[in-house]
Amino acid sequence: MVKSVKNNIQTEGLKAPVIRIGVVKWTKANLFNGVFNSILTIVTLFFLYKVIPPFLKWAFIDSFWLSTAEQCRAGDGACWSIIPANIRFIIFGFYPHELHWRPFVAMIMLVSLLLYSKNRDHWKKSLVYMWIAGLFIMGILMKGGLLGLSSVESDQWGGLPLTLMLSFFGLFAAYPLGVLLALGRRSKMPAVKTICILYIELIRGVPLISLLFMSAVLFPLFLPEGLTINKILRAQVAIIMFTSAYIAEVVRGGLQAITREQYEAAESLGLNYVQKMRLVILPQALKIVIPPTVGILISAFKDTSLVVIIALYDLLKTTRSALANPSWMGFSPEAYIFVALIYFVCCYSMSNYSRRLEKELHA
Amino acid sequence: MNGETIYCIKGSSENKIIEIAGLHKWFGDLHVLCDIDLTVYKGERIVICGPSGSGKSTLIRCINRLEEHQKGKIFVDGIELTGNLKNIEKIREEVGMVFQHFNLFPHLTIIENLSLGPIWVRKVPKKEAEETALYYLEKVHIPEQANKYPGQLSGGQQQRVAIARSLCMKPKIMLFDEPTSALDPEMVKEVLDVMINLAEEGMTMLVISHEMGFAKSVAHRVLFMDFGRIVEGNTPNEFFDNPQHERTKLFLSQILH
């Protein structure tokens with residue numbers, strides 16, 4: 001009896017059953033199994049037929065790519081020509097036309113540094129120096145006034161470099177600040193704890209728009225007369241403050257997921273608070289919260305477009321300004337699709353990278 | 001009513017390494033440790049047993065201040081345990097602890113687990129710390145696992161790594177908090193063997209355990225705790241053959257079947 005059972009298990013365990021069905025059978029089984037599903041399939045197909053071919057016709061077949069606005073108006077298709085015609089303004093805003101190569105090189109540098117940093121094998125001390133040098137050069141390229149580069153005031157900055165700058169510094173300053181706030185919120189020191197809770201709850205209780213307004217309108221009131229702080233910097237600070245409060249709460253969740261035993265094991269080795277957190281607790285906690293953290297980073301990236309309300313010309317605002325030009329008026333879908341694509345590429349790379357990082361760290 | 005009763009190995013006052021006097025601890029209203037007096041001498045091995053909730057774990061966790069005591073004094077290696085963080089860290093350097101659930105750091109490899117403390121606390125150069133780590137891994141018979149992660153090891157192997165991790169700090173005292181009770185039965189022996197080796201080398205050990213065979217062969221003293229008190233303490237032979245208190249007799253009859 002026992003033997004036969006054992007034999008059965010063995011023979012069954014030899015190979016898994018192969019299930020393979022053809023296209024027709026699959027369609028029948030999944031799309032037309034029953035009256036309701038059949039109707040649903042037909043309606044959906046009809047809807048797709050009505051939507052997709054006209055869109056493709058508009059976007060690719062009847063479209064204009066390098067024409068003038070007049071030619072576009074004569075035709076029915078998409079007028080992608082608005083983008084090449086205005087590309088430099090959309091991307092660089094009011095940055096002096098003949099100096100566009102400078103923000104362009106700066107952006108290339110930023111993107112290559114980011115791509116280089118993606119690989120975890122490159123996470124060494126030299127990378128930090130590369131970033132410091134890189135950011136310094138980017139700063140000089142943008143601002144000028146050194147090495148024979150003519151100076152460009154920051155109120156002329158705009159477009160994609162501005163968006164990238166606000167988000168990059170926003171995210172990279174907000175993250176460590178958020179971690180510190182999370183640690184502070186769990187601190188045993190009442191003063192630290194209270195301050196952190198107050199900060200987090202106050203900031204989270206206010207929309208980003210009002211923080212931006214405050215940074216633009218209220219903040220200068222508190223400064224001594226004659227002293228002004230750059231508008232971009234003020235917006236940057238508001239974005240950092242806002243994002244860090246959200247990151248703090250996510251990180252706190254991660255910290256709570258680490259068992260007390262891990263703390264005790266670290267303590268019993270004689271590690272002090274900083275060592276314990278840095279070497280044992282945070283590496284585990286931050287890994288757990290990669291998905292929600294990236295969610296916050298992505299939404300913070302998109303939220304930088306709110307700086308229009310304090311009259312900064314970020315990517316979205318330069319696009320709208322290009323549309324305000326009478327000759328190109330009315331071609332907003334094309335322009336917005338283009339900008340949406342830029343945002344999508346950035347956000348998608350972030351979420352893609354986070355998934356990869358999660359997998360790699362899951363060892 | 002205390003463990004001080006009779007036995008101590010080389011009982012001169014210079015040899016004292018842990019001294020606990022009049023120790024009390026409460027969790028809220030619950031009086032978990034009640035007037036504990038205990039002196040441990042260098043090289044002494046003590047096994048503590050008792051029913052769950054009797055305060056055994058809390059007692060040894062007070063020794064490296066994972067728990068704070070509210071009354072009484074604890075001296076470890078001549079330093080009094082108070083709120084002073086520097087002193088606490090100094091004592092923790094000298095006191096190794098092995099937990100019931102191993103508590104290895106899951107994000108670090110075995111060798112990183114072992115060298116973390118020496119590198120950061122003892123400020124040993126990385127290379128030297130890794131050599132020490134390998135030495136102790138060999139002592140616990142798993143040098144081949146050095147580059148794996150804790151999750152890839154069996155419970156018995158993890159517990160041996162945990163012991164090696166404590167030993168890498170070259171501690172003067174080792175505390176064991178039920179080191180074998182979370183293990184599958186066939187893995188208990190491999191861990192006990194490592195502990196017996198350690199005992200033979202003269203390590204000062206406080207072990208919470210119900211492995212009575214281990215207590216008989218290794219301990220200088222066996223303590224029985226109940227309701228936050230040390231009910232009885234004696235040499236293993238006396239303790240098992242001739243228990244003095246009714247409560248001890250009942251307990252022994254239950255665990256020895």
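We name chains A, B, ... by the order of the sequence lines, and we start the count at 1 in each one. When reading the values below, keep in mind they use all heavy atoms of this one structure, side chains included, and skip hydrogens, waters and symmetry mates.
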Do [X] and [Y] come close enough that some side-chain heavy atom pair is under 4.5 Å?
X	Y	value
A:E261	B:F99	no
B:H107	A:P283	yes
A:L279	B:L108	no
A:N272	B:V121	no
A:R278	B:W120	yes
A:L269	B:R92	no
A:E267	B:I88	no

Distance in Å, [X] [atom1] paired with [Y] [atom2], rounded so as to fall on 0.5 Å steps:
X	Y	atom1	atom2	result
B:N103	A:R260	CG	CZ	10.0 Å
B:D177	A:S268	CG	OG	11.0 Å
B:H101	A:Q262	NE2	CD	12.5 Å

Tell me if the CZ atom of A:F136 is crowded by more than 12 foreign heavy atoms within 6.0 Å.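 Incorrect, the count does not exceed 12.
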
Heavy atoms from other residues, nucleotides or ligands near NZ of B:K139 exceed 12 (cutoff 6.0 Å):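 Enclosed: over 12 neighbouring heavy atoms sit under 6.0 Å from NZ of B:K139.
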
Quick check on A:E264 against chain B: is it the side chain, the backbone, both or neither that has a heavy atom closer than 4.5 Å?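 For A:E264, the contact with chain B is made by backbone and side chain together.
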
Considering non-hydrogen atoms only, spot the tightest contact between A:A265 and B:F105 and give its length.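 Heavy atoms only, the tightest pair is CB-CE2, 3.8 Å.
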
Shortest non-hydrogen contact between A:Q284 and B:P106, atoms and distance: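 So the minimum-distance heavy-atom pair works out to OE1-CG, 3.3 Å.
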
Please identify each residue that fulfils salt bridge (charged side-chain N to carboxylate O under 4.0 Å, His left out) with A:K193, with sequence neighbours left out.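 Counting only residues at least two positions away or on another chain, A:K193 forms no salt bridge (charged side-chain N to carboxylate O under 4.0 Å, His left out).
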
Using non-hydrogen atoms and a 4.5 Å limit, figure out which bit of B:L104 sits close to chain A: side chain, backbone, both or neither.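 B:L104 touches chain A through backbone heavy atoms alone.
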
Residue-level interface, residues 49-68 of chain B with chain A, non-hydrogen cut-off under 4.5 Å: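 If one takes a 4.5 Å heavy-atom cut-off, the residues of residues 49-68 of chain B near chain A are B:R61, B:N64, B:L66.
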
